[in-house]
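One structure is given below, encoded as structure tokens.
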Amino acid sequence: MNAQAPASRDPRLNRPEPFTPPLGDGGFFQRDRSVHPPAYAPGYKSSVLRSPRQALLSIENSVSEITGPVFGHNDLGPLDNDLIRNYAKDGDPVGERIIVHGRVLDETGRGVPNTLVEFWQANAGGRYRHRKDTYLAPVDPNFGGCGRALTDDTGYYYFRTVKPGPYPWRNFVNSWRPAHIHFSVFGSGFAQRLITQMYFEGDPLIPVCPILTTIPDKDALDRLVAPLDLNASTPFDSLAYRFDIVLRGQRSTYFENRTAGN
Amino acid sequence: MPQPLDYLKETASQTAGPYVHIGLIPAMAGFDIFEKNFSNVLVTPNTQGERITLEGKVIDGSGSPLRDVLLEIWQANAAGRYNHPADRSAGALEEDFRGWGRGGSDFESGVVTFVTIKPGGIADKSGRKCAPHVNVWIVARGINIGLNTRLYFSDEEAANAADPVLNLVEPAVRRKTLIATRSERAGKVVYSFTINLQGPDETVFFDV
């Protein structure tokens, strides 16, 4: 060998750079839209006028997508994950006391640490504390119906509440929502942002719900149904349901040791 | 049989519904519950950069504004730096500028506003300059999965013309759906936008 190799005719070979590990560029796995409801789902009538009709423009993840807001414990109050107490005025709310717990994971199976999870729901009678809800079931004076939590270092979250009731809504004349809790989850990048709903094992309204059945994939639908988790229940106090949430996989391990912001 | 690939599947999206305010902006639902609330005001007195108001509506396929929609925005600071550890660019970080806000539309007019600063430009992975922009995420009753779009600024014509994402939009006539229009009102800078969910001027939405 010569001390100095002759310059290659391919200029790329004269200044080799290390290539990035296959899962190391910080972007997210391409979203598999087959597990999501389509924008246009005429059985859910509100989607008809509110669904884009042009193809989405696919763009590679840039720093605008792989970053997202960072939240910390300073953003939360001490009762934010306790819907039994965070709006109690003169007693506990009416209803079945339940604990909801689980992990926020990404598609690689890693827990998503220190991420904000927000949840809201109707009360035990199926009525929301909202100026636009006029259902005849009464508002519960001791129940607000919303809360939030930060996942821990392993992605685990938990809160307690009362089980929401089903309620009628205007879609077909006899449409009823199964009991459900709404979830909003951030993840580490804005492209992971997700809103979904958790349902309860055994609810006979699940297979006839016009919103839930917008999901074309039976397995994806089943993954929104939380099983009863007797092991996590508190004897003589609360039943428990387990609900894991999976966000898009991240092609990175950068954030495993990330500390909470603020 | 090859080895199984044991990736999980993303949880399915569901609509945020008509009562999204309860969970995310309870004051708009009509009650006060949290000690600390998120809002549509991103700036503090210390925030660097030009103060701007983003003001717009989301319009459905009948031409009517959505009056129950919720928008979130995510943006860099005036130096073009996102407040997140994955942004290793050189611009100065401002610890008290999170760069994120959420706002609900007015129940009567459908108008959504954000009080923020104009972000600086950023660079993409290849080092190409990207025009200043705000990332927008839209949820509401009838929207089954959150919609991602961007707002660019009408007074950044040269930067917009060179922006690698805007240049992907074909036909080019649709690029204008992503540009907020600058005006001044009572001494304040306002950028106005319209997000059309359908129709001949349907906004460009991204699969990010």
Side-chain angles (χ1 to χ4, degrees), chain A residues 26 31-32 35-37 39 41 46-47 49-50 52-54 56-59 62-70 75 77 80 86-87 105 107 109 118-120 128-133 144-146 182 184 190-191 193-197 211 214-215 220 223-224 245-249 254 258, chain B residues 6-19 21-24 26 29-31 33-36 60-62 66 68 72 74 82-87 89 98-100 122 124-125 130 133 135 137 139-147 165 168-169 197-198 202 204-208:
Chain A
R31 178 166 259 158
D32 177 358
V35 303
H36 293 288
S46 295
S47 75
L49 285 175
R50 295 182 168 199
R53 301 302 164 85
Q54 304 293 323
L56 302 178
L57 179 61
S58 294
I59 55 174
S62 71
V63 69
S64 293
E65 287 78 34
I66 67 171
T67 61
V70 177
D75 291 307
D80 282 7
N86 70 8
Y87 200 76
L105 307 162
E107 288 171 307
E118 299 165 287
F119 18 87
W120 68 100
Y128 285 97
R129 183 175 288 280
H130 191 287
R131 64 177 93 228
K132 296 290 184 186
D133 188 359
C146 60
H182 297 262
S184 155
F190 208 47
R193 193 80 179 83
L194 183 73
I195 277 184
T196 188
Q197 301 180 28
I211 288 178
T214 57
I215 300 170
R223 288 193 295 270
L224 296 184
I245 299 165
V246 180
L247 304 178
R248 291 168 66 185
Y254 293 154
R258 193 176 101 196
Chain B
D6 57 356
Y7 293 115
L8 303 176
K9 283 290 193 182
E10 189 185 12
T11 297
S13 172
Q14 291 271 266
T15 178
Y19 307 127
H21 315 88
I22 294 174
L24 305 189
F31 65 108
I33 185 165
F34 297 135
E35 292 173 24
K36 296 167 188 172
D60 75 10
S62 77
L66 272 61
D68 54 8
E72 289 184 357
W74 170 240
Y82 285 99
N83 191 348
H84 186 280
D87 186 349
S89 61
R98 178 146 41 202
W100 170 85
I122 61 166
D124 73 5
K125 276 187 202 153
C130 304
H133 63 271
N135 307 287
W137 185 72
V139 292
R141 170 178 68 90
I143 294 179
N144 285 328
I145 180 166
L147 299 171
V165 169
L168 284 176
V169 177
L197 297 179
Q198 296 175 3
E202 181 177 315
V204 174
F205 297 103
F206 296 104
D207 190 11
V208 292

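Sequence lines set the chain letters: A, B, ... in the order given, protein chains first and strands last, and positions in each chain run from 1.
Within the 4.5 Å cutoff, the side chain of B:T11 has heavy atoms near those of the A:L224 side chain. The shortest distance between side-chain heavy atoms of A:D75 and B:K36 does not fall below 4.5 Å.
Contact of B:D87 with chain A is made through backbone and side chain together, with heavy-atom distances under 4.5 Å. Heavy atoms closer than 4.5 Å to chain B are found in the backbone of A:A39, but not in its side chain. With a threshold of 4.5 angstrom between heavy atoms, B:V208 approaches chain A through its backbone and through its side chain. Of the two parts of A:I59, the backbone and the side chain both hold a non-hydrogen atom closer than 4.5 Å to a non-hydrogen atom of chain B. Contacts of A:S184 with chain B are made by side-chain atoms alone, with heavy-atom separations under 4.5 Å and no backbone atom involved. Only the side chain of B:Y82 comes within contact range of chain A, with at least one heavy atom under 4.5 Å from a heavy atom of that chain. Residue A:S58 touches chain B through both its backbone and its side chain, counting heavy-atom pairs closer than 4.5 Å. Using a 4.5 Å cut-off between heavy atoms, B:L147 touches chain A through its side chain atoms alone. Contacts of B:I145 with chain A are made by side-chain atoms alone, with heavy-atom separations under 4.5 Å and no backbone atom involved. Using a 4.5 Å cut-off between heavy atoms, B:I122 contacts chain A through its side chain alone, with no backbone atom that close.
The candidate with the highest count of non-hydrogen atom pairs below 4.5 Å against chain B, out of A:Q197, A:R193, A:R223, A:Q54, is A:R193. Counting heavy-atom pairs under 4.5 Å between each of A:R129, A:H182, A:E65 and chain B puts A:R129 at the top. Chain A forms the most heavy-atom pairs under 4.5 Å with one residue out of B:K125, B:E72, B:E35, B:Q198, and that residue is B:Q198. For chain B, the option among A:L105, A:T67, A:T196, A:I211 with the highest count of heavy-atom pairs below 4.5 Å is A:T67. Counting heavy-atom pairs closer than 4.5 Å to chain A, the top-ranked of the candidates B:P26, B:P18, B:G61 is B:G61. For the options B:L197, B:D60, B:D207, B:V139, heavy-atom pairs under 4.5 Å to chain A are most numerous at B:D207. Highest contact tally toward chain B, considering only A:D32, A:L57, A:L56, A:I245, is held by A:L57 [criterion: heavy-atom pairs under 4.5 Å].
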Original post:
What do the steps show when you test B:N144 against A:H36 for side-chain contact (heavy atoms from CB on, under 4.5 Å), and what is the final call?
Top reply: CA-CA 8 Å; B:N144 285 328; A:H36 293 288; over 6 Å; no
Original post:
Under the side-chain contact (heavy atoms from CB on, under 4.5 Å) criterion, do A:V35 and A:I215 qualify, and how do the steps go?
Top reply: CA-CA 7 Å; A:V35 303; A:I215 300 170; over 6 Å; no
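Taking the six-membered ring where tryptophan is involved, the planes of B:Y19 and A:Y128 are tilted, since the angle between them lies from 30° to 60°. In this pair, A:H130 and B:H21 present their aromatic rings tilted. The plane angle is within the 30 to 60° band.
Of the inter-residue distances, the one linking A:R131 atom CZ with B:I22 atom CD1 reads 11.0 Å to the nearest 0.5 angstrom. Rounding to the nearest 0.5 angstrom, the gap separating the CD1 atom in A:I195 from the CD atom in A:E118 is 8.0 Å.
Between A:C146 and B:G23, the shortest heavy-atom contact is CB-CA, 3.8 Å.
For the pair B:E10 and A:R31, the salt-bridge criterion is met [side-chain N within less than 4.0 Å of a carboxylate O].
Between B:W100 and A:F190, the ring centre distance reaches or exceeds 6.0 Å.
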